[in-house]
Amino acid sequence: MTTAKKPVDKLTSAEAEKELDRLAKEIAANDRRYHGEDAPVISDADYDALRRRNDEIEKRFPLLIRADSPSHRVGAAVSDKFAKVVHKKPMLSLDNAFTDEDVHEFALRVRRFLGLKEDAELAFNCEPKIDGLSASLRYENGVFFQGATRGDGAEGEDITANLKTINDIPLRLHGKPPKVLEVRGEVYMTHAAFAALNKRQGKDGKPTYANPRNSAAGSVRQLDPAITASRALNFFAYAWGEISDLPAETQHGMLEAFAKYGFRVNPLTKQVKTVEAVLKYYRQIEEKRAALGYDIDGVVYKVDSLALQDRLGFVSRSPRWAIAHKFPAEQAETVLEDIDIQVGRTGKLAPVARLKPITVGGVVVENATLHNEDEIKRLDARIGDTVVIQRAGDVIPQVVRVVMEKRKRGAKEYEFPHKCPACGSHAVREVDEKTGKEEVDRRCTGGLICPAQAVERLRHFVSRLAFDIEGFGGTYIETLFDKGLLKEPADIFRLAKKPAELDRALSERRAEQAAERRAKEGKAETKSKKKDDEDSKLVENLVRSIDARRTIAFDRFVNALGIRHVGETNARLIARHYGTVEAFLAKMEEKDVVEDLNSIGGIGDVVAEAIKDFFDEPHNRKLVKNLLKEVDVEPMAAQKIEGSPVAGKTVVFTGSLEKMTRQEAKARAESLGAKVSGSVSAKTDLVVAGPGAGSKLTEAQKHGVQVIDEDAWLKMIEGL
Ligand code: IVH
C-alpha cells in the first residue's frame, strides 16, 4: 500500500512526514493552477480531500507540521491582539515629488551629494507606486518565518498568520535565497476583488470599504486569519530589510532575484539612464493607470546602483536615493458651508472648511484644510462659495480655488477671528525676530488657560507615535477634561488606579449623550443592565491599555511632551543623543542647553530654542516631574553601530575632500554614531583634514587633537 492510501491512524512518523511533504507540494501546485492561468486539474471534492488528509495527519503528528503547511493558508488560530515586531532595519517612507522640476532637483541633489559631474551616468530603477499597505516578510533558510506591518517604521504588528493566507507570498522560496532575507513590498487589492468584497459585505449587512487600500488594510489586520484568507489579496515585492548577503548589485537585479525566489515583482518596472527617460516613464505609466486593475498613486525612482544607495544613505525617515513622483490629486467641486476654527496643541488657529459631502476618488470628503488666514485671503474663500477641493492619497484634502462664476451675490468676505474661539484670549501672529516677518499662523496666547490647547496636548500625548494608549480616544479625553479629572498627562495614569471614578465619569457621559439623543428624537430610553456591563468592560479595557504603557521608550516619551517643532524624528534624535531621560533633564537645567542641542545632527536653532522655551516654563517642568512619578522611561541605546571607532566621538572635517563631498562625509560619520561639528575645541576627538586646511588645523594642534587625512579616515571606516 502506498502512503497516499494508508489510513492516517496507521501511518508511522516517517511515513507521515513524507506524506505531509507530498501533500504540501500537491496542494500548492493545485492552488497555483487554480489561481493562475491553467484550469484546475482536479475536482473541488478531490482538492478538499487532499486538504482534509493534510489536516488529519497534522492533528495526529503536530510536531511534524511544516512551516509551509497548506493549513496555514486558511483559518489558523485566532488571537485577540497582534504581537509587536521590532524591525531589524527600519521601514522607511519616501520623499515626494509633484512636478518635473522636483524630479530634476532630486537628481541634482543626488549628483551633488555624490560629487558626480553633470554628464556622469546615473541610472534609475522606475517602479509603479502601489497604493496598498507595506509589509515586511522575514525568511530564514528559505522558509517564511515572520511577517509584519510597517507600524511606526521602527516597530510593526505581527501579522504572520494573515500573510500566510496570501497566495502571492511564498511560504518556501525557490532557488538559492540568502539565509536571512526580509522582503518588503505592498499588499494590495485589485479593483475586481474590491468590488466583489463590497458586494458581499453589502449583502451580508456588513460595512463596506471606501477604497481598495482601506479594504486591503482592513483585511490584513483581521484577528481571524480565516477572514483574511477569504479576501483576495495580492503582493508585489520592491524592497528589502535585513539580508545576509546581496544577490545583486543593482535595485533592478535585486527585483530580478526576488522574482526567481518566487515573488511577484511589478512587470512595469524599468531601468533607465537619464532624467528625461524617468519623466517619460512617468507619463507612460500615467496613461496606463486606469487600465491596470489596481490602484497606484504615482511612480517611484530609485538610484539603481546599490553601492551608490549605500553612500547616499538616509535623511531622517526617507532614503536620499529614492523619490515618489505622485500623480496629480483628484479634484471635485462642492459648496463651502462653513469655516470652523480649530485650536491645535501649540495654540495655532487652523481654519477648517466644512463642505457639502462629496465623493472624491472613492472617499467621502466633508472637511478640508484652509491652512491659515493668508490662504483664505489668497483664495478669497467665502461661506456659501462653490469651491474646488483636491485629495491626494492619504493627505488631508484641501481647497484649491473658488469657482467665482458661481459666487452668490452678497457673499461676505471672511473675517479671521482675532480671539481664540476656545478661551477668548487674543490670537496673534508672532513676528520672527530674525527676519522681522509676520508668521503665517495666528496663535492663541491663552497658553495654560486655553482648554482647547490642553485637550489637544493630551490627545497628542496618547496618540500612536507617542504613548499609544489603545482605545483612549478624543471623546474620552474631552469628557474627562470637562469633568476636571484630567488636567495633565500624569492624571491618565493616576485615573487608571481609580477605575470606579473613571467608570462613573464615563457612565455619566453616556447618560448625557442618551438624554441628548432622547431629546432630539423625542423618545424615551431606559438604561439597561447590558449598558452597565458594557461600561465596566470598557473601563477594564482602558485601565489595561493605560497600565500597558507605564514603561515607555525614551523617544516616544519626548515626542509625547508635545514640544513645539519636536515630532517623532527630532524626538528620536534627542533620545539617541542623551540616552536616558535623567541625562536629558539634567542638561535642560544647564546654561548651554541651546549649544548642546545644536550639536545634535539634524537639530537646528529653531528646534533648540523651542525645547529651551519648553523647559524654561515651570509648569512644564512640573508636568514632566509628575509624569515621571507614574511611568518608567527606558534608556535609548545609542545607535548600535557595531565596531564603529567613531561612535559617540566629535569629528570635524576641514580642508577640501577629494573622494567624497563634505555633505557625504558628514552624513557617513553621523550614520556611524559620530557628532560632526563645524569648529575645533578641546572637546573635539578627531579632525579629518584635506589640502588647504587652515585655522582649524592650527586649533587642533593647539588642543592636541588627533588629525588624520582623508585616506586614513576612509581606511578607519572601511567595511562598516
Ligand atoms: S520603496 C526605502 N517602492 O510607498 C524605500 N515603496 O510613500 C521604501 N510603496 O511605505 C519604500 N510602491 O508602502 C517603495 N515600488 C515601491 C512602492 C513603495 C508603493 C509605498 C510603501 C512606502 C510608501 C512611501
Side-chain angles (χ1 to χ4, degrees), residues 87-98 102 106 110 124-137 147-157 159 163 168 182-190 211-214 216-217 220-221 233-243 246 250-252 254-256 258-259 263-272 278 281-282 285-286 288-289 292 294-306 308-327 329 392-395 465 568-569 671:
H87 297 302
K88 293 260 162 49
K89 289 255 161 85
M91 284 183 82
L92 303 154
S93 52
L94 294 169
D95 217 7
N96 290 328
F98 295 97
D102 292 347
F106 159 70
V110 168
F124 295 95
N125 198 52
C126 307
E127 306 165 13
K129 184 169 184 301
I130 318 298
D131 198 8
L133 71 144
S134 49
S136 184
L137 318 170
T149 60
R150 176 175 186 275
D152 64 1
E155 189 182 86
E157 284 176 324
I159 49 163
L163 292 174
D168 286 347
E182 277 176 16
V183 168
R184 289 172 179 177
E186 205 85 350
V187 177
Y188 69 98
M189 194 177 264
T190 62
N211 54 41
R213 185 167 57 115
N214 287 2
V220 149
R221 296 194 72 262
L233 292 166
N234 290 91
F235 181 83
F236 277 128
Y238 54 65
W240 59 96
E242 193 181 3
I243 188 162
L246 287 168
T250 60
Q251 172 75 23
H252 201 78
M254 287 300 286
L255 298 189
E256 278 172 351
F258 289 171
F263 290 99
R264 278 178 69 237
V265 170
N266 194 290
L268 298 172
T269 299
K270 193 176 174 194
Q271 203 177 22
V272 303
V278 157
Y281 176 83
Y282 175 84
I285 300 293
E286 201 176 16
K288 291 196 177 129
R289 184 181 185 190
L292 287 178
Y294 52 86
D295 279 350
I296 60 174
D297 58 346
V299 293
V300 185
Y301 313 131
K302 301 175 181 173
V303 169
D304 202 32
S305 151
L306 301 190
L308 294 185
Q309 285 190 6
D310 201 38
R311 282 177 57 191
L312 284 156
F314 308 91
V315 226
S316 72
R317 321 298 313 277
S318 346
R320 277 196 196 85
W321 43 264
I323 198 152
H325 191 177
K326 294 295 220 36
F327 289 135
D394 47 3
V395 184
L465 298 173
E568 71 168 311
T569 305
S671 76

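Both ligands and their constituent atoms are indexed starting at 1 by order of listing. These numbers were taken from a predicted model, which means no experiment stands behind them.
Taking every heavy atom of both residues into account, Val110 and Arg320 meet most closely at CG2-O, 3.8 Å. Across all their heavy atoms, Tyr281 and Lys270 have their closest contact at CE1-CB, 3.8 Å.
If you look at ligand 1, the protein residues with a non-hydrogen atom under 4.0 Å away are Leu92, Leu94, Glu127, Pro128, Lys129, Ile130, Ser134, Glu186, Tyr238, Val300, Lys302, Pro319, Trp321.
Side-chain atoms of Arg150 never come within 3.5 Å of backbone atoms of Ser134 as a donor-acceptor pair (strictly under, hydrogens ignored).
Paired with Phe236 under the rule side-chain contact (heavy atoms from CB on, under 4.5 Å), one option of Asn266, Val265, Thr269 passes, and it is Asn266.
With sequence neighbours excluded, the residues that form a side-chain hydrogen bond (donor to acceptor under 3.5 Å, both in side chains) with Glu568 are Arg317.
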Give the C-alpha distance, both sets of side-chain angles, the deciding distance and a yes or no for side-chain hydrogen bond (donor to acceptor under 3.5 Å, both in side chains) between His252 and Asn125.
-> CA-CA 6 Å; His252 201 78; Asn125 198 52; 2.7 Å; yes

